[in-house]
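FYI, side chains are in, hydrogens and waters are out, and symmetry mates aren't considered; it's all heavy atoms of this structure.
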Amino acid sequence: MTKKSRASISSFHPPRASAAPAGAVSSSGRPGRRSHGLALIAARALAVATLGQNVHAATLSPLTCPLDDSLRWILCVSVLVGLMLLAVFLWLEAMDHRAGAARLARTLEQQGSGAGMPELAESGPRAIVRLARAINNVRRRQSERDVAHLDVQAAYAHDLRTPLTRMGLRCEMLEDASLREAMERDLAQMRELVEASVASARLQRSVAEPLQRVDADGLLGSLMRDYRESGRAIAVDGHIGQPVMACPLALRRVLANLIDNALRYGSDVRVSARVDATSLVLAVVDSGPGIRPAQMEAVFAPWVRAQQGGSEAKAGSGLGLAIARRLARSMQGDLQLQNRRCGGLEARLTLPLVVA
């Protein structure tokens with residue numbers, strides 16, 4: 001090959017860099033090593049501050065840069081402060097859950113399990129909110145089932161009226177007078193039970209009413225006016241003067257049931273109103289024979305009719321007092337009976353006042 005061709009080939013290769021003098025530092029390599037060292041220091045500081053000594057030792061083990069005493073002390077203090085903050089957070093979270101659970105239990109104890117009770121407040125920690133929502137859903141479904149059951153009960157009882165009417169018409173065709181009278185008595189008792197069943201279903205439907213502020217004086221005055229127009233004057237002692245928490249229809253039916261019982265078994269019937277610190281007490285009193293002490297609680301059971309004093313029990317279904325107590329308790333109240341010292345019976349209805 002000629003010298004000219006060799007020269008042309010060599011022209012395609014770039015010239016080599018000249019060797020640096022001994023002991024000199026390359027200007028192109030100095031910034032790279034400096035930035036690499038700063039990155040390692042920053043990574044080490046980040047690992048120590050966030051993940052602790054173990055992570056630092058695991059991630060940066062190739063580095064030969066041991067921790068001094070001051071950095072180790074700072075690391076220990078940081079870990080201790082973090083643990084303390086975590087403990088405080090967990091303690092506050094536990095106290096919040098405990099307060100929410102106690103508030104929920106207290107509300108359930110005060111309200112009971114009636115379908116007419118207001119829904120629980122869905123507030124507080126997430127777990128408490130979920131529990132309150134579940135309880136509200138269960139109570140709502142239970143209320144719907146009770147209403148459906150009462151509708152079926154009322155429908156069956158209502159349909160029994162038709163065959164009873166036909167039996168009464170056929171009973172009149174009997175020639176035997178004694179047999180006809182016995183059949184008429186049986187039919188009368190059956191009609192009474194049917195009407196009581198219908199009334200029971202209607203009254204218990206009032207349990208599903210929501211609690212609200214009720215003008216007790218106005219409701220009591222309207223009820224007394226109805227009795228006065230029917231020829232039965234009922235005296236009222238006392239004045240309430242403030243609203244109560246109740247269901248209007250349920251409260252009216254309870255009072256009407258107590259007054260009807262007093263008129264049936266006694267005389268000189270009157271209603272007295274007394275206001276305590278947090279409750280209203282409505283007492284229906286009469287001058288009848290009263291109830292035997294052994295039957296004072298038994299009369300609140302369905303289908304139980306009490307013997308008044310020494311006399312036999314009068315006609316009735318035995319559902320009135322049982323329904324009245326259930327309605328009273330659905331309004332967060334209570335119904336109790338007590339024989340009076342001067343003779344007669346006192347039916348005492350207690351209801352919560354509206355706290356301003």
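At a threshold of 4.5 Å between side-chain heavy atoms, the hydrophobic network of Ile, Leu, Val, Met, Phe, Trp and Tyr places V244 and V281 in two separate groups. A continuous path of ILVMFWY side-chain contacts below 4.5 Å connects M95 to L92, so both sit in one hydrophobic cluster. Hydrophobic clustering (ILVMFWY, side-chain heavy atoms < 4.5 Å, transitive): L85 and V77 are in one cluster. The hydrophobic clustering, which links ILVMFWY residues whose side-chain heavy atoms are closer than 4.5 Å, places V81 and I74 together.
Counting heavy atoms from C-beta outward, Q212 and C247 have side chains that stay 4.5 Å or more apart. Side-chain contact check for P352 versus S279: every heavy-atom pair is 4.5 Å or farther apart. Side-chain contact between V254 and L282: absent, with no pair of heavy atoms (C-beta onward) separated by less than 4.5 Å. Taking 4.5 Å as the limit, every side-chain heavy atom of V269 sits out of range of all side-chain heavy atoms of V285. In this structure, the side chains of L219 and L255 come closer than 4.5 Å at one or more pairs of heavy atoms. Within the 4.5 Å cutoff, the side chain of R348 has no heavy atoms near those of the L335 side chain.
For S267 against S287, the heavy-atom pair with the smallest separation is O-OG, 2.7 Å. When all heavy atoms of L351 and G333 are compared, the pair lying nearest together is CD2-CA, 4.3 Å. Smallest separation of non-hydrogen atoms from A322 and A301: CB-C, 4.0 Å. In this structure, N339 and G290 approach most closely via the heavy-atom pair OD1-CA, 3.5 Å. Nearest heavy-atom pair, P248 versus V214, reported as atom, atom and distance to 0.1 Å: CG-CG2, 3.9 Å.
Within 6.0 Å of CZ in R340 there are more than 12 heavy atoms belonging to other residues, nucleotides or ligands.
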Worked check of side-chain contact (heavy atoms from CB on, under 4.5 Å) between L187 and C171
CA-CA 9 Å; L187 288 175; C171 180; 4.2 Å; yes
Can Q142 and R139 be said to form a side-chain hydrogen bond (donor to acceptor under 3.5 Å, both in side chains), step by step?
CA-CA 5 Å; Q142 181 64 37; R139 293 171 66 175; over 6 Å; no
Carefully, step by step, assess L251 and L349 under the rule side-chain contact (heavy atoms from CB on, under 4.5 Å).
CA-CA 10 Å; L251 177 57; L349 174 64; 3.7 Å; yes
Step by step, would you call R213 with M245 a side-chain contact (heavy atoms from CB on, under 4.5 Å)?
CA-CA 5 Å; R213 298 166 66 99; M245 290 300 297; 4.2 Å; yes
With side-chain contact (heavy atoms from CB on, under 4.5 Å) as the criterion, how do M224 and D226 come out once you've worked through the C-alpha distance, each side chain's angles and the decisive distance to 0.1 Å?
CA-CA 5 Å; M224 297 302 103; D226 293 342; over 6 Å; no
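For the pair D286 (side chain) and L345 (backbone), a donor-acceptor distance under 3.5 Å is present. Under the 3.5 Å distance criterion, the side-chain polar atoms of Y227 are matched with a main-chain donor or acceptor of A256.
Note that the CZ atom of R232 and the CD atom of E229 stand 14.0 Å from one another [nearest 0.5 Å]. Considering CG of L108 and CG of L120, their distance stands at 5.0 Å, rounded to 0.5 Å. With values rounded to the nearest 0.5 angstrom, M331 atom CE is found 11.0 Å from T350 atom OG1. Between D268 atom CG and R270 atom CZ the span is 5.0 Å, to the nearest 0.5 Å. One finds the CG atom of L258 at 8.0 Å from the CG atom of L337 (value rounded to the nearest 0.5 Å). Distance OG/S222 to CZ/R252: 4.5 Å, rounded to 0.5 Å.
Considering only residues two or more places apart in sequence or on other chains, D260 meets the salt bridge (Lys or Arg N to Asp or Glu O under 4.0 Å) condition with none of them. Take E181 and apply the side chain to side chain contact (heavy atoms under 4.5 Å, CB included) test, not counting sequence neighbours, and it matches R185. Listed by chain and number, the residues in a side chain to side chain contact (heavy atoms under 4.5 Å, CB included) with L131 are L104, I135 (sequence neighbours excluded). With sequence neighbours excluded, the residues forming a side chain to side chain contact (heavy atoms under 4.5 Å, CB included) with L179 are L174, D176, M183, listed by chain and number. Shown here are the salt bridge (Lys or Arg N to Asp or Glu O under 4.0 Å) partners of D159, two or more places apart in sequence or in another chain: there are none. A search for side chain to side chain contact (heavy atoms under 4.5 Å, CB included) contacts involving V275 returns I240, Q242, L280, L353, not counting sequence neighbours.
Under a 4.0 Å N-O distance rule, the pair R98/D96 does not qualify as a salt bridge. The existence of a salt bridge linking E122 and R133 is confirmed by a sub-4.0 Å separation between a basic side-chain nitrogen and an acidic carboxylate oxygen.
Residues N261 and R264 have side chains that never bring a donor and an acceptor to within less than 3.5 angstrom of each other.
Cation-pi contact between R325 and F300: present, with separation from the ring centre below 6.0 Å and deviation from the ring axis of at most 45°.
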